[in-house]
Amino acid sequence: MGKAFDIGLERLVGGGVGEPRNNEAARLADSPSAAGSGTFYLETFGCQMNEHDSEKVAGVLLARGYRQVESADAANVVLYNTCSIREKAAQKVFSRLGEYRLTQREGQTIGVLGCVAQQEGEKIFSRAPWVSLVCGSASYRKLPELLAQLEAGNRRVTGLDTDTDETFETEVTRRDNPWRAYLTIIEGCDKACSYCVVPFTRGPERSRTSASILEEVRQLADAGYTEVQLLGQTVNSYADPSARKMRFSELLVAVAEVPGIRRVRFTTSHPRDFGKDIVEAIEAVPAICEHVHLPVQSGSTKVLRGMARTYSREEYLEKIAMLRAAKREISLTTDLIVGFPGETEKDFQETLSLLDVAQYDGAFCFKYSPRPNTPSLKMADAIPEEEKSRRLAILLEKQREIQRARNEQLVGRELEVMVEGKSKKEFQWSGHTSSNKVMNFTSRAQESLGDYVQVKVMGATPNSLVGEKSETGS
Ligand code: SF4
C-alpha cells in the first residue's frame, strides 16, 4: 500500500541506523548537480518487487536533487507505482488519477509507473490527459532521461519498451527498512504462465552480474544491514550474465558469507528450476534462512497444464519431498489459485489433497481473475464467482488448520528472532524467525530493533507464534 516519508539525499547519506551511507551516495549529495529544488511524492501498490522498484526510483530522483515529501500536495512530481494483479486494476488506477487531478497544482507533474503503465501504455494519456509520464518497470533505467525531458518542458514522455536485456541498477537506493534490504537479482519472466501478466508487463528475464550483486551486499553490510532478501519473479532462475557464471545456489552462499550478513532470504522460486543444490546450500550455511516459497498454484496436473506451469503434480511433490528430507527443517509456503477455467470439483479436491501432503507453513490463496494480455483470458469453462468463493473458503479453512498444527509443533522450542517491532503493550515485541514465522514475544529488557534474540515458543496460532525471550538469549 502507499508509503510516505520526507527524506532528502543528505539524510540518505547521513549515516546512523536506517540511513546508510555509501561513497557514491555521498559523492552525489556533495555534487552541485544534486542541488535541485524539486520535490516528489511516490505512492506504491503491489508486490515486494514493486516496493523495491519504488526504493530504486526514489534513489534516482534523490540523486537528481529531488527531495521526497509525504503528501502529493507538497510535491512537484507525483508518481504512482501501480499493480495489475487484481481484476479491474486499470479502473482503480484511473479513479486514483482522477483524485490526483482534483488536487493537481499548476506545474505539477503526474506520472504512472509499474504494471498498469505497461499494460495501458499511451492510452493513459487519452483517458487522463493531465498525466505527463508513463513508464513500465522494464524501462526504469531510462528514468533519468525521461526526467530530464520533463524538466526541459516536454509535456508527455514514455518508457514502454520491454524488449531489453538490461536490468535497473541505481547509484542510490532509498531503502525503507533499516535492517532488511531488498535486492532484485533478476527482472522479468520467461515462464509464460497462461494467467499471468508479468511476462507482458515486466519483459523477459534479465539477471544482474554476481559481482554487482555482491558489491551491493558488501555496501549494505557496511551500512549496517544484517538481512538481505534476494528478489525476482523467478529468483532461482537466476543466470549470471558474467564470465563467472555463478549458479543461484553459489550466489546464496557468497551473499551469506559477506561479513555482517546474518540472514539471506530469497523469493519467489519457480518449482521447475528448484534443484537439490539450493537445498544443499541451505543445509550447509546457517545464514541462508530455512524458508522456501514455492508456488504450486494447483494440485491437479490437468489444471497445471492449462496454466502452463511446466511441471506436474508428481514433479512438484518430488521437490517437496526433497525439501522435507533436508538436514535443516525448512518451512514451506506457497501460492494457490482456485477457479481456474475448467477446474472441476475433482481438480479442486486434488488441490486439497496436495495440502495434506505438502503441509505448508503458509499459503497465499486467490480466486482466479482473468487478466488482459494473458492466454487464459480466452479459455472456455469459466467458473462462476460463487463457486470460486466457495472453493476459496474451503481451501483457506483447511490451510488454517494445517498452519495451526504446524505452529503448535514448535511450542517449547527456542528460536532466533530479529526484533522488528514494539507493541503498545508494555514488554511486548515482535519479529521474524529464520523460518519466516511471525513471533510476538515478551521481554522485560529494552530490546533494540534490528537485534537478534533467542525466544522460547510458549503458544501458537495459525498465523503467528507467541514466546518469551529466553534467559540465555543473546
Ligand atoms: S513464473 Fe508464471 S506466475 Fe510467476 S511471474 Fe512468471 S509467468 Fe507469472
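Whatever order the structure lists ligands and atoms in, that order sets their numbers, starting from 1. Atoms considered below: every heavy atom in the structure, side chains included; atoms not considered: hydrogens, waters and symmetry mates.
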Problem set entry | Gln297 to ligand 1, any heavy atom closer than 4.0 Å | no

Exercise. Can you find a side-chain donor-acceptor pair between Arg413 and Thr433 that sits under 3.5 Å?
Worked result: no

Exercise. Any salt bridge between Glu187 and Arg208, counting N to O under 4.0 Å?
Worked result: no

Exercise. Is it true that the side chains of Ser137 and Asp53 contain a donor and an acceptor less than 3.5 Å apart?
Worked result: no

Problem set entry | Closest protein heavy atom (residue, atom, distance) for atom 3 (S) of ligand 1 | Tyr195 OH, 3.4 Å

For this session: Would you please name every residue forming a salt bridge (Lys or Arg N to Asp or Glu O under 4.0 Å) with Glu401, sequence neighbours left out?
Result: Arg404

Exercise. Are any side-chain N or O atoms of Glu420 and backbone N or O atoms of His432, one a donor and one an acceptor, separated by less than 3.5 Å?
Worked result: yes

For this session: Please report the number of protein N, O or S atoms that lie less than 2.8 Å from atom 6 (Fe) of ligand 1.
Result: 1

For this session: Using the ring-ring contact (aromatic ring centres under 6.0 Å, His included) rule, take Phe248 and Phe266 through it: C-alpha gap first, then chi angles, then the decisive distance, then the call.
Result: CA-CA 10 Å; Phe248 175 66; Phe266 55 99; 5.4 Å; yes

For this session: Could you tell me whether Arg390 and Glu386 make a salt bridge, using a distance below 4.0 angstrom between a side-chain N and a carboxylate O?
Result: no

